[in-house]
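See structure below.
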Protein chains: 4
Amino acid sequence: MTTRRQNTPNAARRSDASRRAILTAAFELVGEVGYAKLSIEGIAARAGVGKQTIYRWWPSKGAVLFDAFLMLGEGEGGEAALPDTGDLEADLKLVMRATVDELNDPRFDEPMRALSTEISHDPDLAAVYRERLDGPMREIKKRRLEAAQRAGQLAEDLDLDMAVDVLWGPLLNRWLQRTGPLTPEYADKLIETALNGLRHRR
Amino acid sequence: MTTRRQNTPNAARRSDASRRAILTAAFELVGEVGYAKLSIEGIAARAGVGKQTIYRWWPSKGAVLFDAFLMLGEGEGGEAALPDTGDLEADLKLVMRATVDELNDPRFDEPMRALSTEISHDPDLAAVYRERLDGPMREIKKRRLEAAQRAGQLAEDLDLDMAVDVLWGPLLNRWLQRTGPLTPEYADKLIETALNGLRHRR
Amino acid sequence: MTTRRQNTPNAARRSDASRRAILTAAFELVGEVGYAKLSIEGIAARAGVGKQTIYRWWPSKGAVLFDAFLMLGEGEGGEAALPDTGDLEADLKLVMRATVDELNDPRFDEPMRALSTEISHDPDLAAVYRERLDGPMREIKKRRLEAAQRAGQLAEDLDLDMAVDVLWGPLLNRWLQRTGPLTPEYADKLIETALNGLRHRR
Amino acid sequence: MTTRRQNTPNAARRSDASRRAILTAAFELVGEVGYAKLSIEGIAARAGVGKQTIYRWWPSKGAVLFDAFLMLGEGEGGEAALPDTGDLEADLKLVMRATVDELNDPRFDEPMRALSTEISHDPDLAAVYRERLDGPMREIKKRRLEAAQRAGQLAEDLDLDMAVDVLWGPLLNRWLQRTGPLTPEYADKLIETALNGLRHRR
DNA sequence: ACTTAAACGAGACGGTACGTCGCGTCTTTCG
DNA sequence: CGAAAGACGCGACGTACCGTCTCGTTTAAGT
């Protein structure tokens, strides 16, 4: 499940115990000391692993961290879906409030900021991220919006990718840029504003 | 006008020539080598300055970079305003396309990503950023939206801060996360979508 | 009383309070932190004096330290003489034991080693040292030996400079090189050996 | 063959090439720039070695220099002896003149002063010096004197350690303190004076 | 007493070296 | 023979001092 191989050593012989220890250590450490002070040496020491074992299988600490995220989401299978009670606005608010909770959870905050940072500075990693993590999530969201669209609740010509951007972009940007606090109220109001649009209706 | 003092040495004797050389060097270097490889030593060498002169006045390379940004916007005075032709949608598209151009400009791309990274990991710096850069910009945007609101073009009960988030958040998030390319078309469509909302109107 | 002038600023206006504070601080500091960690900045800070005031009057920290030694011996006037009871051996043992005590005194040990180090590495300073400190001391010693020589107790053709070397050289070398402990017994035996010579007498 | 370990890293893996390069560089540099301006950075650069490799194995630049001296005397084996023609005075003059030549040789002068300085300020280093360099030399000298003593040429109750001190101490002290020039004549006269003693003989 | 030039404290400045940390590579040893 | 252990050349870190250079502020001479 490695992200990017260097020159692909004999992957068959790879020690799964070491791999898990490395990813776990990386995830824990980034939460403890922050991304800037995360070091390969530190990960190796915490994991009880030689540095070479990390360099053999990952090209950068960003890649290690990324795989650590993948490992977290491993057991989930592809079946996840957003709730669909028929009430789109309520369903979206529920989801958005859950997102707020996750972003406010200190166990996830630092590691996710670290991942975002890496993605922002590394187009290659960004591509893998889109393919492996962001893409599937986006599909799940679009599926729910598509259902609403078919039910006549969303504009017929609505671009669902744009819709996802307009719904989640403001929240993520507020989080990353620390523009303001992430509260359930903000989540609700965001959904309402995005759904209704800014224009005045007579 | 330094951002954050360490223990405030005798600021009166501060050399303005050194200060400017440091900020210029920092801005240039971050564009050339990227934020990860930006080093205090490198900045000092390029600026022809002792390292201590940097450490004396700035607590981190992030703070230096931030002041470099401030220096860029120094001459602008507070008078800036968004265009107001009466046609809100057209005005916003114009502005958003300009933003797209700026973000696509390689001279600004790297430095701005670097600044975003720093803000994301440093709440103190984020606070200064909000106060000195983001806040004033947001005020300018809100002023234009307020005019439109008074003209009856925007919802009467619209929260202008939320409006700014919904208009610019998606674009900035797309840029930072590299979700997709930033094009003028995307800018236009974003404005339309945000103004009209996602809902179906009969 | 300054050792070596740089380009002789107006010495008339020199602040004697500062001069004394500097020399005192230097002497104390070298005893506390050792010569290697003695710094001009440290001396200036301890003396409550600007660095420039030191650089204005002394060319190096070795020169400062040297003047500090001179200041110590200031009040002594030129009258000093070695004891002369008529019993040369006893008189020399007395003097040598006193030297041992001084060299074992921790308040003088470090500073004197420091001075020795400077002299060893700086021929200019060594010249001043010979002229101002070592020379006068040597004269005093030679004066006592001369008396003994006239009294027929020392060889008629004895070179008194060489005699001083043979008497004090072994002790000073043992101290500087830490060849062994400096004890009163060693002092006595040294006097005896030097006086009698190594040869067998039938 | 390292003098003093810090916390003994895995010495088995130590690179002998680096070790030799470091010691050679240190010895050369101290002769070129003097001890005061000798720097670990300089040694590392000249030796083509990382600074850490020096800090890993030596606690100070003094220790490096000391090992450099040890390396010089490595091939000599323990068999060295002072000449023994039966004429003690002539033999000692020969040896002492050789010592004078060595101390006057600019290639050895600076480094040996540097070593002396370090020994003077560092009791630990002094202990190692006594054990590894000074002690063996002293044994060799004492062996020659012992032979003379058995031959009835030296006093029967003569303390040979004291004898070594009285013979070599004055010369070394004159050299270190720069009391006067080191000449063959001085060497000869020193031997004569020490052997005969200062006292008048009828 | 008043003026004035220096010496003074303070400390910023361009530098050099410090001793440490982590990088990514390489080599040795062990299970 | 893969993995731990860790030495290595390297580069940057943040700190301490170097010696030079302004800055006001005493301070003591010579008007």
Side-chain angles (χ1 to χ4, degrees), chain A residues 6 9-15 17-19 37-45 47-57 59-61, chain B residues 6 9-15 17-19 21 37-45 47-57 59-61, chain C residues 6 9-19 21 37-45 47-57 59-61, chain D residues 6 9-15 17-19 21 37-45 47-57 59-61:
Chain A
Q6 322 208 59
N10 187 341
R13 299 230 177 186
R14 180 168 189 182
S15 155
S18 292
R19 182 183 149 271
K37 296 202 169 181
L38 179 67
S39 70
I40 299 276
E41 300 224 339
I43 297 172
V49 138
K51 283 198 292 177
Q52 198 57 43
T53 303
I54 299 183
Y55 285 110
R56 195 156 21 229
W57 301 105
S60 69
K61 73 176 178 180
Chain B
Q6 322 211 54
N10 188 339
R13 301 227 186 293
R14 181 167 189 181
S15 156
S18 292
R19 184 184 146 269
K37 297 202 167 177
L38 179 66
S39 68
I40 300 274
E41 297 225 334
I43 296 171
V49 139
K51 279 199 291 177
Q52 198 57 47
T53 302
I54 300 182
Y55 286 110
R56 185 147 39 222
W57 302 105
S60 68
K61 71 177 179 180
Chain C
Q6 321 210 55
N10 187 340
R13 304 228 173 171
R14 181 167 187 182
S15 156
D16 196 60
S18 292
R19 184 185 146 268
K37 296 202 169 180
L38 179 66
S39 69
I40 300 275
E41 299 225 338
I43 297 172
V49 138
K51 282 197 294 178
Q52 195 66 311
T53 302
I54 300 184
Y55 285 109
R56 187 149 36 219
W57 302 105
S60 68
K61 73 176 178 180
Chain D
Q6 321 212 55
N10 188 339
R13 303 226 187 294
R14 182 168 187 179
S15 155
S18 292
R19 182 183 147 271
K37 295 202 170 179
L38 178 66
S39 69
I40 299 274
E41 297 225 337
I43 297 171
V49 138
K51 280 197 292 178
Q52 197 58 47
T53 301
I54 300 183
Y55 285 109
R56 187 149 34 223
W57 301 105
S60 67
K61 71 177 177 178

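Reckoned from all heavy atoms, side chains included, excluding hydrogens, waters and symmetry mates. Given the structure is predicted, the values throughout are model-derived calculations rather than measurements. In what follows, chains carry the letters A, B, and so on, assigned in the order in which the sequence lines appear, proteins first and then strands, with residues in each chain numbered from 1.
- In terms of heavy-atom proximity, B:Ala44 sits nearest to B:Gly50 at CB-C, 4.3 Å.
- Toward the 5′ end of DNA chain F lies the nearest nucleotide of D:Val49, the other residue of the pair D:Val49 and C:Leu38 mapping further downstream.
- Atom CD1 in B:Ile40 sits roughly 16 Å away from atom C1' in E:dC21 (whole-Å rounding).
- E:dA7 atom P lies 16 Å from atom CD1 of C:Ile54, rounded to whole Å.
- The CZ atom of A:Arg19 sits 13.0 Å away from the CD1 atom of A:Ile54 when rounded to the nearest 0.5 Å.
- Applying the side chain to side chain contact (heavy atoms under 4.5 Å, CB included) criterion to D:Ala47, with sequence neighbours excluded, gives D:Ala21, D:Ile22, D:Ala25, D:Val49.
- No hydrogens or angles were tested; on distance alone, a donor-acceptor pair under 3.5 Å links the side chain of D:Lys51 to the base of E:dG19.
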Which atom pairs link the protein and nucleotides 29-31 of chain E when you take only N or O atoms and keep those under 3.5 Å?
from, atom 1, to, atom 2, distance (Å)
E:dT29, O4', D:Arg13, NH2, 3.4

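- Across all strands shown, A:Gly42 has no heavy atoms under 4.0 Å from either base or sugar-phosphate atoms.
- Put simply, CD1 on D:Ile43 is 15 Å from C1' on E:dT16, counting in whole angstrom units.
- The CD1 atom of C:Ile40 sits 11.0 Å away from the CD atom of C:Gln52 when rounded to the nearest 0.5 Å.
- Along DNA chain F, the nucleotide nearest D:Thr53 and the nucleotide nearest A:Gly50 are compared for position; the residue whose nucleotide lies closer to the 5' end is A:Gly50.
- Protein atom CD of A:Glu41 is 15 Å distant from nucleotide atom P of E:dT20, rounded to whole Å.
- For C:Lys61, the salt bridge (charged side-chain N to carboxylate O under 4.0 Å, His left out) test picks out no residue, with sequence neighbours left out.
- In the interface, the side chain of C:Gln52 is not paired with the base of E:dC8 through any donor and acceptor atom under 3.5 Å apart.
- In this entry the distance linking CZ of A:Arg19 with P of F:dG2 reads 18 Å, nearest Å.
- Nearest-nucleotide positions on DNA chain E for D:Ser39 and C:Ser15 put C:Ser15 closer to the 5' end.
- Put simply, B:Trp57 has no side-chain N or O that comes within less than 4.0 Å of OP1 or OP2 on E:dG11.
- Contact between the side-chain N/O atoms of C:Ser18 and the OP1/OP2 oxygens of E:dG9 is found at a separation under 4.0 Å.
- Distances shown here put every side-chain N or O of C:Arg56 at or beyond 4.0 Å from the OP1 or OP2 atom of E:dA7.
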